[in-house]
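What follows is a single structure, written as structure tokens, with notes after it.
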Amino acid sequence: MLSCSRLTKRYGDLTAVDGVTFSLEPGTLTAVLGPNGAGKTTTLRMLLGLAEPSAGEALVFGRRYRELEQPIRRIGAVLESTDFHPSRSARDHLLALVLAAELARDRVGEVLEVVELSAAARRPVRTYSLGMRQRLGLATALLGDPELLILDEPANGLDPAGVRWLRTFLQTFAAQGRTVLVSSHLLAEVAQTVDHVLIIDQGRLLARGRLDELTGEGESLEDVYLELTGGEAS
Amino acid sequence: MIGQLRSELLKQRSTRTTLDLFLSMFALVALAVTLHAVSLSVDQLSTRSRQLEVFQVGSRAGMLFAGLAGVIAITSELRYGTIRPTFLVTPRRSPVLVAKLAVSTLVGLTFGLLAEVLMTTDAAVAFGARGIDNKLNAGDYLQLLAGGAVAAALWAAAGVGVGALIRNQVAALVGLCAWMFLVESTLEGFVPGFGRLMPGGAGLALAGNSGELSAVAGALLLALYTAALSAGGWRVTLCRDVE
């Protein structure tokens, strides 16, 4: 359903993503882990057709994202939690996307309900807390009722109740046979939420597999992660 | 494509930006026309061609603010990051740009028309109050309104291209203002006759404010600039990575 094959992105002399190969199985909840600047977001941008790979390929549902018809009916994605016009309301933000995607207008109210923002829907986004913006971003990703969710750092800025809400949401989503790919720094949170991990550092994929297998010998996810990424705080 | 157009129209309506631009344009035109019409001597305003020159202010303001609206249509998406969800929904990108060009053209047409209406009304009142004979005929008025509206519409579409090429909102807005009020007149100073061939000069010819170039030539020239700028903006939008 999603696969990268020797995916590479170079900016001049800098290789941001270096020959990354992996694929996701349906119904899994996978986290991409890595220090800042490891290439996580660049990988997601290439998967979503926002950046062009220098070499290799990134496919979703067997095709390049840009070649998909109505991609948001199958893939929901959020790359930045701040992608809103500050003086536009949540409702208008979602409606503009619904109109462009030619989805039913009812979807706006439905996704606002799911992320519990119905009461604030007519307020400009500038009045929202970071946690509310994160949830509005998620609402954006849910508009097309997708089978695959791709979220960059979705837990940033959420309070403990928000983190638990997100965890439950993502686990329920995956339990319906749908698939989730998240990037994160929050190892403790990831260890509680996902079933598969990919560890990336300096553009290279260092480890991938089931969380319980990677942490099989009494090691915590943090131990494995720090061992692989060199152990220095980033 | 209908969905894209409705989406773009909603984006224009759902923030105060367009309204704020309208109000700024109104204030500027009202002030400038009044100052011109009141400060120039009666002798200076006695001929039709001099009166038409006073009327340039409205045409220039209409074109400039329409251009600014076009710049903002694309650069606000880049500035606030809404370009990411926009392109996730429409990853082929071209329909987004076509819709932005179409809606901005419509907005520009409205800006141009309103600027000319405001200007002609304001000038007529000022001339009347000073007892100056209004030398403009119905044909002049028709050309001001229709030509000014079309010139502003073309500037709006060109603004989308400029915004897509420059990407930085402040730089593109400042660049457009400098172009209209500084660059063209400076060029004209260095190479006489050159300014009238520039986008602003061509727009003035289209609105009938300058006798140096025919309206048809002005229209063709301005359409050519607009086509080149929007094609350039289109091209970079299609192939550039989104951060």
Side-chain angles (χ1 to χ4, degrees), chain A residues 9 11 41-42 44-46 48-54 60 63-73 75-103 105 122 124-126 136-137 139-141 143-144 146 150 152, chain B residues 1-23 69 71-104 163 167 169 235-243:
Chain A
K9 182 69 177 178
Y11 295 101
T41 304
T42 307
L44 300 186
R45 283 170 51 226
M46 288 190 282
L48 294 167
L50 294 176
E52 206 50 40
S54 309
V60 258
R63 290 160 76 182
R64 293 169 63 232
Y65 188 91
R66 277 179 152 194
E67 290 163 2
L68 293 166
E69 294 295 333
Q70 293 206 303
I72 74 157
R73 286 180 184 271
I75 302 140
V78 184
L79 282 176
E80 291 276 345
S81 56
T82 50
D83 288 345
F84 310 106
H85 194 294
S87 53
R88 189 174 287 140
S89 71
R91 192 182 155 278
D92 285 342
H93 172 78
L94 294 170
L95 188 55
L97 296 169
V98 157
L99 290 171
E102 292 175 355
L103 301 172
R105 278 167 177 258
R122 288 176 188 277
V125 177
R126 100 164 69 77
L136 179 55
T140 308
L143 279 172
I150 298 179
D152 200 8
Chain B
M1 200 57 227
I2 298 288
Q4 292 290 343
L5 289 170
R6 290 166 72 191
S7 178
E8 279 308 317
L9 280 169
L10 175 64
K11 286 178 195 171
Q12 290 275 350
R13 281 189 289 117
S14 56
T15 70
R16 274 188 54 101
T17 311
T18 312
L19 182 65
D20 287 345
L21 275 177
F22 259 129
L23 296 176
V71 164
I72 290 173
I74 178 92
T75 54
S76 77
E77 294 233 27
L78 296 164
R79 176 175 172 193
Y80 295 115
T82 51
I83 196 73
R84 279 180 284 260
T86 295
F87 283 168
L88 288 176
V89 168
T90 315
R92 284 179 189 137
R93 304 186 186 179
S94 281
V96 175
L97 223 51
V98 172
K100 280 196 190 299
L101 285 168
V103 169
S104 295
R167 290 155 74 90
Q169 186 167 54
R235 196 182 144 68
V236 298
T237 304
L238 284 197
C239 58
R240 243 186 227 161
D241 287 354
V242 176
E243 289 309 311

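A note on names: the letters A, B, ... follow the listed sequences, proteins ahead of strands, and every chain is numbered from 1.
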What residue in [options] has the most heavy-atom pairs under 4.5 Å with chain B?
| options | answer |
| --- | --- |
| A:R73, A:M46, A:E69, A:R91 | A:E69 |
| A:G137, A:P86, A:G49 | A:P86 |
| A:P71, A:P124, A:A101 | A:P71 |

Can you tell me if B:S14 and A:R88 form a side-chain donor-acceptor pair at under 3.5 Å? yes
Out of curiosity, [X] [atom1] to [Y] [atom2], how far, rounded to the nearest 0.5 Å?
| X | Y | atom1 | atom2 | result |
| --- | --- | --- | --- | --- |
| A:L97 | B:T86 | CG | OG1 | 6.0 Å |
| B:F87 | A:R66 | CZ | CZ | 8.0 Å |
| A:I72 | B:T90 | CD1 | OG1 | 8.5 Å |
| B:I83 | A:D83 | CD1 | CG | 10.0 Å |

So for [X], is it side chain, backbone, both, or neither that comes closer than 4.5 Å to the heavy atoms of chain B?
| X | value |
| --- | --- |
| A:F84 | backbone |
| A:L95 | both |
| A:L48 | both |

Between B:R240, B:M1, B:R13, B:E243, which has the largest tally of heavy atom pairs under 4.5 Å with chain A? B:E243
Inspect the contact between A:K9 and B:D241 and indicate whether a charged nitrogen and a carboxylate oxygen are less than 4.0 angstrom apart.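 Yes, B:D241 and A:K9 are salt-bridged.
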Measure distances from B:R93 to the heavy atoms of chain A and classify the residue's part below 4.5 Å as side chain, backbone, both or neither. side chain
Given that the side chain runs from C-beta out, which part of B:E8 has a heavy atom under 4.5 Å from chain A: side chain, backbone, both or neither? neither
Check the pair B:R6, A:E102 against salt bridge (Lys or Arg N to Asp or Glu O under 4.0 Å), reporting the backbone distance first and the verdict last. CA-CA 10 Å; B:R6 290 166 72 191; A:E102 292 175 355; over 6 Å; no
Do you know which two heavy atoms are closest between [X] and [Y], and how far apart they sit?
| X | Y | result |
| --- | --- | --- |
| A:A100 | B:Q4 | O-NE2, 3.6 Å |
| B:R92 | A:E67 | NH2-O, 3.1 Å |
| A:S87 | B:T15 | OG-CB, 3.8 Å |
| B:L88 | A:A77 | CD1-O, 3.7 Å |

Do the side chains of A:H85 and B:E77 get nearer than 4.5 Å, heavy atoms only?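 Sidechains of A:H85 and B:E77: no contact.
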My understanding is that only one of A:T140, A:L50, A:V78 makes a side-chain contact (heavy atoms from CB on, under 4.5 Å) with B:R84; could you say which? A:L50
